Structure formats: structure tokens, C-alpha cells
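Have a look at the structure below before the remarks.
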Protein chains: 2
Amino acid sequence: MLGAGLVAHLGVIVDGHPMVVPTVYGFDDERIFLHGSVASRSLTGTGEVCVTVTVLDGLILARSVFEHGINYRSAMIYGVPARIHDPDDLLYGLRLLTEHVAPGQWDYTRRPSPKELAATTLLAVPLTEASVKISDGPPDDGAGPDAALGRWAGRLPVVATWGTPEADPLLPPGIEAPPHIAGRTGHPITG
Amino acid sequence: MLGAGLVAHLGVIVDGHPMVVPTVYGFDDERIFLHGSVASRSLTGTGEVCVTVTVLDGLILARSVFEHGINYRSAMIYGVPARIHDPDDLLYGLRLLTEHVAPGQWDYTRRPSPKELAATTLLAVPLTEASVKISDGPPDDGAGPDAALGRWAGRLPVVATWGTPEADPLLPPGIEAPPHIAGRTGHPITG
């Protein structure tokens, strides 16, 4: 499920108030890694967090308003985050995060310098306490009394794909997007 | 910004722990309405909540790993939710929610019965304390020393559209998807 999403919503308690911030992530079998470009106060000195990744697959359009819903896949991870300081582990987590979002970029672009690493806040949350919820069925009222209404019912899928790369306006002419970027066009953003 | 999203992430504190649940929503100028199909314990007796709506517009692909990022629009709403009990207000909020996700369905399908209304948990959070964050620029390193690396850099957009309606397997033959559903195919899911 985590392979299908790109943005996680990180829930933390800050001064007694809940706060939910979007952030990119990467993962391996044991941990999910979250980037620290979000407000740093939401990433330091916190206790338990909840990380939720949701992929919207479509709408469930039923015969009654009450039975409407969405097709989705969602993962919720609870845990106490650890900020990664060890340079090797920091590079490991950043590589997973980069390659999850943009496969091929770790080898194509300049890797973080020691100074950049020191300025990077990367959190790891163990995947030990995680649950996945999937809603993928059709509407529930096809065999009930509302079927007699004669209304259309079914699913309206979401189709999310990568578009055409748009070059940085400052890019000199003659540099084409490499295959690991240009080749994504038209492919699903979820994997 | 709220018009561009479909799923909100609701952050609440449950027994001292943060919890983030995805949910559909609707809104008017004053309130955001959240559906109660999520775990009811996250919707009752809570204090302040944080509702975050995020739309991913694309990836920022830079010359260095450090400058990578995402193009996105995000709204964060803080407030104390009120559960709506008044039947007129409940219908009002449900209509906004339904029409935001699936325009035209409120008039096409059967509206909630009093029994269904009583079984519906709808929360309203005032929009008085809301902030919007937008990241829509190209990479930041086009004028820096990394430009000399000669790597491609730019944006890879996300294209999210509605697919082709899929009829409920229980739907009798001869009932076609109405224009307010079938007409969405190929159009952006964000508005």
C-alpha cells in the first residue's frame, strides 16, 4: 500500500493541539521515512505520531445519497519517530525517499553534501504498528429496495498519471529530460 | 483551494494520541463539513481538530537531491468541530458534501430518510482559522553552481482525471450513466 502513495499526512500534537502536515516519504520493510521540509517544530520533541497515506481510487455512486462513498486505500502508522543523525542512515533514508518519489534521480543528480545532510531533518517511524484499510467494492444498495428507483449506480474511477516534463525556465537549450523522467509520462502515479 | 481537493485528512487527539483519518468533505464560506463514516470515536467529544486538504500538482526535479520537492496546494484548518443535529442543517451540509464530490447526485439519487439522517455523523469546523500554502515554482538551483552539472531540471506534473464510469454489476441492462456522471470522464478531478 505504501508503494502506491506519494504524500503522507503526518499528525502530531503541538502544544496540546493536533496538527496535520503533508510530506513526502520513503520506506523499507521496517521504517517509513518522512522529510523535514515541513515545519520543524512538528518534527522535534514530539511523542507519538500518526502517519496516514491515502490513495483515492474512485467514487462509489449509489442509488441513495446515504450509500455514497469512496474507493480508497489507506495506511495508518502509529509510532514514536526517531530523528536520524547517523550520516550513513541519513543517506540511506534520503535515498529511499528520493527513489520512491522520483526513481532514478538519486544516481542522476548531485547527492547531499555534508552541510546539506546536517540541514536535513529526516524522521523514521517504525512500521510495527500499522493498519491498512481498503474500500474497493461497488455500491451496497444494488440488492435493496432502492434498486427499484432505476437509477444508474457504480464507480467513477480516478485516473492519476504523470504529465509531460516541463523544463526549468533557466535550463539551457539542448538538455533533454532523461528516460527515467520522460518515460513516466502517461504512466500511473501510483505503483 | 478547498474546491480543488476531494479528501481531507482529519487530525484529532484520541486518548492522548494523535490520529489522522481520511474523509470526504464539503464546504461553504463559513464551514467545512466532514463525513462521519470514519471511526466515530474520532468525531465525538473531541476538542480542537486540524483538517488538512492537500492537492499534489507535481514533482520539483532539481539538479541536486537537496533541492527536490513537490508542487502542491494545501489548506490547514484548526477549530473545534460541532456535530450537526438540526435536520435542516444536516441536509444542508450533506448536500454541500455530496455536490462537492459528485455534482448532480443530490438531485439524481434518493435523499436521506429521517432514519438515515439520524445515523449520519456530520461535523462542521469553522473556517475562521485557516491557512493555505502553495508551492508552484520550478527548482531553486537553476542560477546556482549546480547549474554547471548540465543535468535536466524542471517539473513533472500530476494529471488526475476522472475515468470511465463502471456500472454496478447488479445494475440491470439499459440504464446508462447520466451526463452529470459520464460527462466527467477525462476532466480533471480537481476544480
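Below, chain A is the first sequence line, B the second, and so on; all start at residue 1. Because the structure is a prediction, the values reported are computed rather than measured.
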- Task: Run through B:T120, B:T98, B:L97, B:L91 and flag the one making a side chain to side chain contact (heavy atoms under 4.5 Å, CB included) with A:V65.
- Result: B:T98
- Message: Same cluster or not: A:V20 versus B:V132, using hydrophobic residues (I, L, V, M, F, W, Y) connected whenever any side-chain heavy atoms lie under 4.5 Å apart?
- Response: no
- Query: Do you know which of B:G174, B:G163, B:G154, B:P157 has the most heavy-atom pairs with chain A at a distance under 4.5 angstrom?
  - Reply: B:P157
- Message: To the closest 0.5 Å, what do you measure between OG1 (A:T54) and CG (B:L6)?
- Response: 12.5 Å
- Note on the structure: One option among A:P112, A:A177, A:G142 has the most heavy-atom pairs under 4.5 Å with chain B, and it is A:A177
- Message: Distance check, rounded to the nearest 0.5 Å: A:R110 atom CZ versus B:E67 atom CD?
- Response: 8.5 Å
- Query: Shared ILVMFWY cluster between A:V14 and A:V51, side chains joined below 4.5 angstrom?
  - Reply: yes
- Message: Please identify, among A:D146, A:T185, A:L149, the residue contributing the most non-hydrogen atom pairs under 4.5 Å to chain B.
- Response: A:D146
- Side-chain contact, heavy-atom cut-off 4.5 Å: B:P18 with A:V12? no
- Note on the structure: Between the CZ atom in B:F66 and the CG atom in A:L94, the distance rounded to the nearest 0.5 Å is 9.5 Å
- Task: To the nearest 0.5 Å, tell me how far B:M76 CE sits from A:M19 CE.
- Result: 4.5 Å
- Side chains of A:H68 and B:V101: closer than 4.5 Å at any heavy-atom pair? no
- Message: Is B:R184 close to chain A through its backbone or its side chain, or both, or neither, when contacts mean heavy atoms under 4.5 Å?
- Response: side chain
- Engaged part of B:V7 at the chain A interface, taking heavy atoms whose separation is under 4.5 Å: side chain
- Query: What closest approach, in Å, do A:Y108 and B:W152 show between heavy atoms, and which atom pair accounts for it?
  - Reply: OH-N, 2.8 Å
- Close side-chain approach of B:D168 to A:R63, heavy-atom, < 4.5 Å: yes
- Message: Counting heavy-atom pairs under 4.5 Å with chain B, which one of A:I60, A:L156, A:D141, A:T52 comes out on top?
- Response: A:L156
- Top contributor to chain A contacts, counting heavy-atom pairs under 4.5 Å, from B:V159, B:I70, B:L61: B:V159
- Query: So if you build clusters from Ile, Leu, Val, Met, Phe, Trp, Tyr with side-chain heavy-atom gaps below 4.5 Å, do A:V55 and A:L127 land together?
  - Reply: yes
- Contacting region of B:A182 [heavy-atom separation from chain A under 4.5 Å]: neither
- Contact leader toward chain B among A:C50, A:P138, A:G11, A:S113, where contacts are heavy-atom pairs under 4.5 Å: A:C50
- Item | Flag side-chain contact, heavy atom, 4.5 Å: A:L59 against B:Q105 | no
- Which atoms of B:T161 approach chain A - backbone, side chain, both or neither, heavy atom under 4.5 Å: both
